[in-house]
Amino acid sequence: MTITSPHLGSSKAWTDAQLLYALEEVVEKELNRHLKVAKDWMPHEYVPFSDGRNFPGVFEDGEAWAADQSKVTDIGKIALVVNLLTEDNLPSYHHEIASLFGRDGAWGTWVHRWTAEEGRHGIVMRDYLLTSRAVDPDKLEQFRMAHMAEGFESDNRHSMLHSVAYVAFQELATRVSHRNTGHQSGDPVCDRMLARIATDENLHMVFYRNLLGAAFELAPDLTMQAVRDVVVNFRMPGHGMPGFERAAAQMAIGEIYNMRIHHDDVIQPVLRFLKVMSIDGLGPEGAKAQEELGLYMGGLDSEASKFDEKLAARKARMAARGRA
């Protein structure tokens, strides 16, 4: 959809407030589309409560947690904790997007709907983890307290366009991480649960991706600069949680989320769908941002190839040890 605004001479004149107003019609359209295709689901239907038993505490018959009580793989446990702690910071995320997008009109309706849907993810994941005894419940709660007490501030809170660009990629990254965690979990119940969550995340990505496409039509130069900044400086929202760097490294080796996945399954699909690298008629700043984005993607692909080689060599060494 192309929106004309003759009183604004160029994309440089756009302010956040003007963009929010100009995009309201697009938000309403995407919200209505989302509500038609999104399916409500019940978190409790995905949790094997019959497998649960009491932990020590107020229950005298409680059974202490032990690492061998769950069928979930080690990498699955690591990724599940990272994914859950990321979801736990929902109050901070809501504050961020409500402050940027507002609480009124179509924007506000979307903000609250998105928050409600994301809330389900934390509910079902925590219930699953505790019922299946996949992780130490005491440590999980300690991590939650530490992570939430630290708070969250988005790298892109200074700009509405940067925020829209970020969530277009981040929602897809979250979908991919959940889906791959399910595949690597070793538990079909966990896989089904995370597939359900991933479906939501994909719909959220589509909403923001389409909104980003409309922003390109409105203010192509500014939007291109925002996309360049976001892609070059991208960080997952859970980067501040305890032990994130080590967990992220293990998830990379475990092929849940790494540079190759980030390049092939997250960044490239959004850029390709929006034909970002083919947009023409940009001003000097937009053209510069587009060129820098292309150079960065080439470098990311090269780094991902190096990672692929190292991962393949590691697998070969492990296979050789297994045969020895």
Side-chain angles (χ1 to χ4, degrees), residues 14-35 37-38 83-123 125 147-178 197-216 218-219 222-223 225-227 229-231 233-241 266 270 274:
W14 288 103
T15 66
D16 274 6
Q18 289 167 337
L19 281 167
L20 284 167
Y21 179 78
L23 287 168
E24 178 94 18
E25 185 179 340
V26 182
V27 172
E28 184 175 5
K29 173 188 171 185
E30 289 302 316
L31 172 63
N32 290 334
R33 180 199 54 75
H34 177 84
L35 293 176
V37 298
N83 292 349
L84 175 56
L85 291 180
T86 299
E87 300 286 356
D88 274 335
N89 248 338
L90 182 60
S92 289
Y93 307 149
H94 174 84
H95 173 75
E96 291 274 350
I97 66 170
S99 298
L100 278 164
F101 300 154
R103 295 173 174 82
D104 301 318
W107 280 105
T109 302
W110 167 254
V111 167
H112 296 310
R113 173 72 189 199
W114 174 87
T115 302
E117 291 183 3
E118 289 288 343
R120 284 179 179 151
H121 303 168
I123 291 169
M125 289 174 66
H147 187 39
M148 292 192 69
E150 185 69 20
F152 172 82
E153 286 190 344
S154 170
D155 295 333
N156 304 287
R157 63 189 180 280
H158 62 287
S159 160
M160 188 276 284
L161 269 182
H162 282 72
S163 295
V164 170
Y166 175 74
V167 289
F169 295 105
Q170 180 266 319
E171 292 284 3
L172 183 52
T174 304
R175 173 203 178 273
V176 169
S177 180
H178 282 310
I197 292 174
T199 299
D200 282 1
E201 302 290 7
N202 196 64
L203 291 177
H204 297 166
M205 179 276 294
V206 170
F207 178 95
Y208 288 119
R209 183 196 64 193
N210 292 350
L211 192 57
L212 185 62
F216 266 116
L218 274 173
L222 290 179
T223 305
Q225 292 172 70
V227 169
D229 294 344
V230 164
V231 170
N233 300 296
F234 186 87
R235 295 195 297 174
M236 290 294 275
H239 60 80
M241 69 180 60
V266 176
V270 175
L274 297 177

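Given the structure is predicted, the values throughout are model-derived calculations rather than measurements. No hydrogens, no waters, no symmetry mates; every other heavy atom, side chains included, goes into these values.
The closest side-chain heavy-atom distance from N210 to V26 is not below 4.5 Å. Counting heavy atoms from C-beta on, the side chains of D200 and I197 never come closer than 4.5 Å. Under the 4.5 Å side-chain criterion, counting only non-hydrogen atoms from C-beta, M148 is in contact with N89. Within the 4.5 Å cutoff, the side chain of L211 has no heavy atoms near those of the E30 side chain. By the 4.5 Å heavy-atom criterion applied to side chains, R209 and L172 are not counted as neighbours. A 4.5 Å side-chain heavy-atom check between L203 and W114 finds every atom pair outside the cut-off. Using a 4.5 Å heavy-atom cutoff, the side chains of M205 and N202 are in contact.
With values rounded to the nearest 0.5 angstrom, L218 atom CG is found 7.5 Å from T223 atom OG1. To the nearest 0.5 angstrom, H178 atom NE2 is 5.0 Å from M125 atom CE. Annotation: the span from E201 atom CD to E118 atom CD amounts to 4.5 Å, rounded to 0.5 Å. Taking CH2 of W107 as the start and NE2 of H112 as the end, the distance is 13.5 Å to the nearest 0.5 Å. How far CG of L20 is from CG of D16: 6.0 Å, rounded to the nearest 0.5 Å. Distance check: L23 CG to K29 NZ gives 12.5 Å after rounding to the nearest 0.5 Å.
Taking the centre of each ring, F169 and Y208 stay at or above the 6.0 Å mark.
Closest approach of A168 and V270 over heavy atoms only: O-CG2, 4.0 Å. Considering every non-hydrogen atom in both L84 and G122, the closest pair reads CD1-O, 3.6 Å. Shown here for R175 and A198, the closest heavy-atom pair between the two residues is CG-O, 3.4 Å. When all heavy atoms are compared, the tightest approach of A173 to V266 is CA-CG2, 3.7 Å.
Taking R235 as the reference, D155, H239 meet the side-chain contact (heavy atoms from CB on, under 4.5 Å) condition, with sequence neighbours excluded. In this structure, the side-chain contact (heavy atoms from CB on, under 4.5 Å) partners of A106, at least two apart in sequence or on a different chain, are E24, V27, E28. By the side-chain hydrogen bond (donor to acceptor under 3.5 Å, both in side chains) test, S177 is found to be paired with N83, residues two or more places apart in sequence or in another chain being considered.
Salt-bridge check for R113 with E117: passed, with a basic side-chain N closer than 4.0 Å to an acidic carboxylate O.
By the 30° and 60° cut-offs, the orientation of the rings of H204 relative to W110 is perpendicular.
In the model, E96 has no side-chain atom that pairs as donor or acceptor with a side-chain atom of S92 under 3.5 Å. With 3.5 Å as the limit, one finds no donor-acceptor pair spanning the side chains of E150 and H147.
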Audit row: L212, V227, side-chain contact (heavy atoms from CB on, under 4.5 Å) steps and yes/no: CA-CA 9 Å; L212 185 62; V227 169; 4.1 Å; yes

Worked check of side chain to side chain donor-acceptor pair (under 3.5 Å) between D229 and H162: CA-CA 8 Å; D229 294 344; H162 282 72; 2.9 Å; yes

Verdict with reasoning, V167 to F207, per side-chain contact (heavy atoms from CB on, under 4.5 Å): CA-CA 10 Å; V167 289; F207 178 95; over 6 Å; no

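Using a distance-only test at 3.5 Å, with no hydrogens or angles considered, a donor-acceptor pair links the side chain of Y93 to the main chain of T86.
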